[in-house]
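Every heavy atom of this structure was used, including side-chain atoms; hydrogens, water molecules and symmetry mates were not. As the structure lists them, so they are numbered: ligands from 1, and atoms in each ligand from 1. Numbering starts at 1 and runs along the sequence shown.
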Amino acid sequence: MSKQGSHHATSAAAGTRGGFSSGLGVLAATLGSAVGLGNIWKFPSLTGANGGAGFLLIYLLSTLLIGLPLMIAEIAIGRQARANPISALRQLAPRGAPWWLIGAAGMAAAFLILSFYSEVVAWVFAYVAKAVAGRLLSSDPVQTQASFDALVRDPVQSLVWQWVVLGLIGGILLLGVTKGIEAVTKRLMPLLFLLLVLLCGYSLTLPGRAEALSFLFAPEWHRITPAVVLTAMGLAFFKLSIGMGTMMTYGSYFTPGQNIPATAVRVMLADLSVSLLAGMAIFPAVFSFGFAPSAGPSLVFITIPAVFAQMPGGQVLLAAFFILTAIAATGAMLSIMEVPVAILHERWGLTRPRATLLTLFVLMLPGAGCALSQSTLAHVRPGGRTLFDWADFVSSNLLMPAGGIAIALFVGWAWGERAFAAQLSNQGTLGNQGLARVLCLLLRWVTPVLILLVMLTGLGVFAG
Ligand code: PHE
């Protein structure tokens with residue numbers, strides 16, 4: 001155990017450290033992290049575009065064999081150490097082995113994700129404002145495409161909205177873990193479910209229902225290529241917020257009595273429900289009004305406004321849809337930004353406000369790179385991808401899986417089954433020891449190999 005690590009752990013134990021105050025708070029914050037743009041902006045279009053049920057199956061397998069064990073592992077590490085990812089791994093690593101590098105890589109990944117994520121949330125916020133003002137509705141997709149282009153190709157609007165979003169998230173983080181993250185997600189998550197169920201219920205009364213369900217769920221096996229498998233696994237990482245320190249950080253705020261595996265399973269199931277509900281809210285409407293389901297940002301920002309324009313009450317529905325998306329994204333953004341804030345606060349000894357401000361400051365450059373990737377920097381396309389697309393690809397398909405491999409190896413080989421089982425069973429008071437043994441075996445032998453294979457085949461390493 002390093003001197004510094006134990007010093008920080010002691011000062012944390014002395015009561016200066018924030019945390020979630022109740023089981024409900026733990027659940028709201030953790031679910032708030034998992035639920036985000038991934039459910040609304042990635043899941044439906046990726047599933048539709050990559051072969052429906054086949055993709056869903058691979059996504060589910062990745063979630064069960066890779067995602068859940070890693071999520072449980074990360075939360076357990078965090079709660080054992082009660083510290084940010086870098087300090088936690090320093091503290092738990094045997095004989096000063098450099099496992100803390102996982103935390104450092106996670107912090108880098110957090111900055112990368114924040115850079116592009118905040119820009120998509122920026123569009124969402126801009127659309128909330130427009131929808132409320134009634135300026136979005138047009139049943140002509142050419143028109144809705146033009147208004148989306150006008151937004152993303154305008155460098156000033158792109159940057160200003162990004163900073164509105166970052167300022168808001170930073171502001172909530174300034175309030176702390178309990179009064180900021182927990183209080184906000186506790187209020188927002190129920191609202192999210194309510195809006196989603198209402199939208200979904202409405203959408204499923206539309207005539208395009210059958211076509212939508214078959215688009216989402218009919219398996220088209222020939223679409224499953226190695227690259228698609230990597231995409232599905234990347235989505236599993238992105239969805240469960242794993243492989244980059246978020247779950248470790250939140251785990252460090254878990255209450256001692258919280259049943260970690262049960263919480264992880266609940267969060268995974270609730271998150272999956274949100275994804276499926278989002279798909280069932282979006283596609284019936286799309287098909288009912290004769291649109292082709294498009295992928296990626298155009299589905300949410302171009303097709304949806306055109307579709308809703310044709311529905312009775314479309315104005316209200318559209319505002320509800322973007323408010324829902326903004327809510328989902330807020331909880332996720334809080335959890336990504338909390339990783340660098342916790343590290344800077346605890347390891348570098350900055351106050352929380354200073355740590356938050358420094359995080360925002362560091363974000364300015366990569367954030368602007370993504371924000372301007374369709375305007376001022378549109379011509380910067382190394383390897384055919386914009387900076388925005390690179391940030392998205394590198395984080396989900398490289399950094400998070402690589403972090404996942406390292407975390408699995410750490411728990412399986414370095415930290416060890418006994419400590420892991422003690423965390424999962426709350427020092428023997430819960431009957432999770434058998435589960436801990438199985439998970440430890442998975443983390444030791446299966447999870448890392450599986451991730452590596454999917455990464456290498458997906459990246460085409462075996463193709464030549
Ligand atoms: N899980 C979030 C989503 O689906 C994204 C996220 C990634 C959050 C990594 C935290 C950490 O939108």
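- Residues forming a ring-ring contact (aromatic ring centres under 6.0 Å, His included) with F388 (at least two apart in sequence, or on another chain): F116, W123.
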Please output the side-chain donor-acceptor pairs of residues 453-460 that fall under 3.5 Å, not counting sequence neighbours, one pair per line with the distance.
residue: T457; atom: OG1; partner: L453; partner atom: O; Å: 2.4
residue: T457; atom: OG1; partner: V454; partner atom: O; Å: 3.4

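- In this structure, the side chain of R82 engages the main chain of F254 through a donor-acceptor pair within 3.5 Å.
- For T30 (side chain) and L27 (main-chain N/O), no donor-acceptor pair under 3.5 Å exists by modelled atom type.
- Scanning all protein heavy atoms for the shortest distance to atom 12 (O) of ligand 1 gives Y117 OH, 2.4 Å.
- Close contacts of ligand 1 with M400, meaning ligand atoms under 4.0 Å from a residue heavy atom, involve 9 (C).
- Against a heavy-atom cut-off of under 4.0 Å, L37 is close to the following atoms of ligand 1: 12 (O).
- In summary, the atoms of ligand 1 found under 4.0 Å from a heavy atom of S335, numbered by their order in the structure, are 8 (C), 10 (C).
- Residue G38 comes nearest to L235 through the heavy atom pair O-CD1, 4.5 Å, listed as atom of the first residue, atom of the second, then distance.
- When non-hydrogen atoms are compared, ligand 1 lies under 4.0 Å from the side chain of M244 (C-beta onward) but not from its backbone.
- Atoms of ligand 1 lying under 4.0 Å from at least one heavy atom of I336, given by number and element, are 8 (C), 10 (C), 11 (C).
- Ring pair F301/Y127 is perpendicular by interplanar angle, where above 60° counts as perpendicular and below 30° as parallel.
- Here the protein heavy atom with the shortest distance to atom 8 (C) of ligand 1 is S241 OG, 3.3 Å.
- Rounded to the nearest 0.5 Å, atoms CG (N432) and CG (N259) are 5.0 Å apart.
- Paired with Y253 under the rule side-chain contact (heavy atoms from CB on, under 4.5 Å), one option of E338, Q258, E182 passes, and it is E338.
- Atoms of ligand 1 lying under 4.0 Å from any heavy atom of A34, numbered from 1 in the order shown and given with element: 1 (N), 2 (C), 3 (C), 4 (O).
- The protein heavy-atom contact nearest to atom 4 (O) of ligand 1 is K239 NZ, 2.5 Å.
- With G38, S33, G36 as candidates, the residue nearest to atom 2 (C) of ligand 1 on a non-hydrogen basis is S33.
- Heavy atoms from both the backbone and the side chain of F238 come within less than 4.0 Å of ligand 1.
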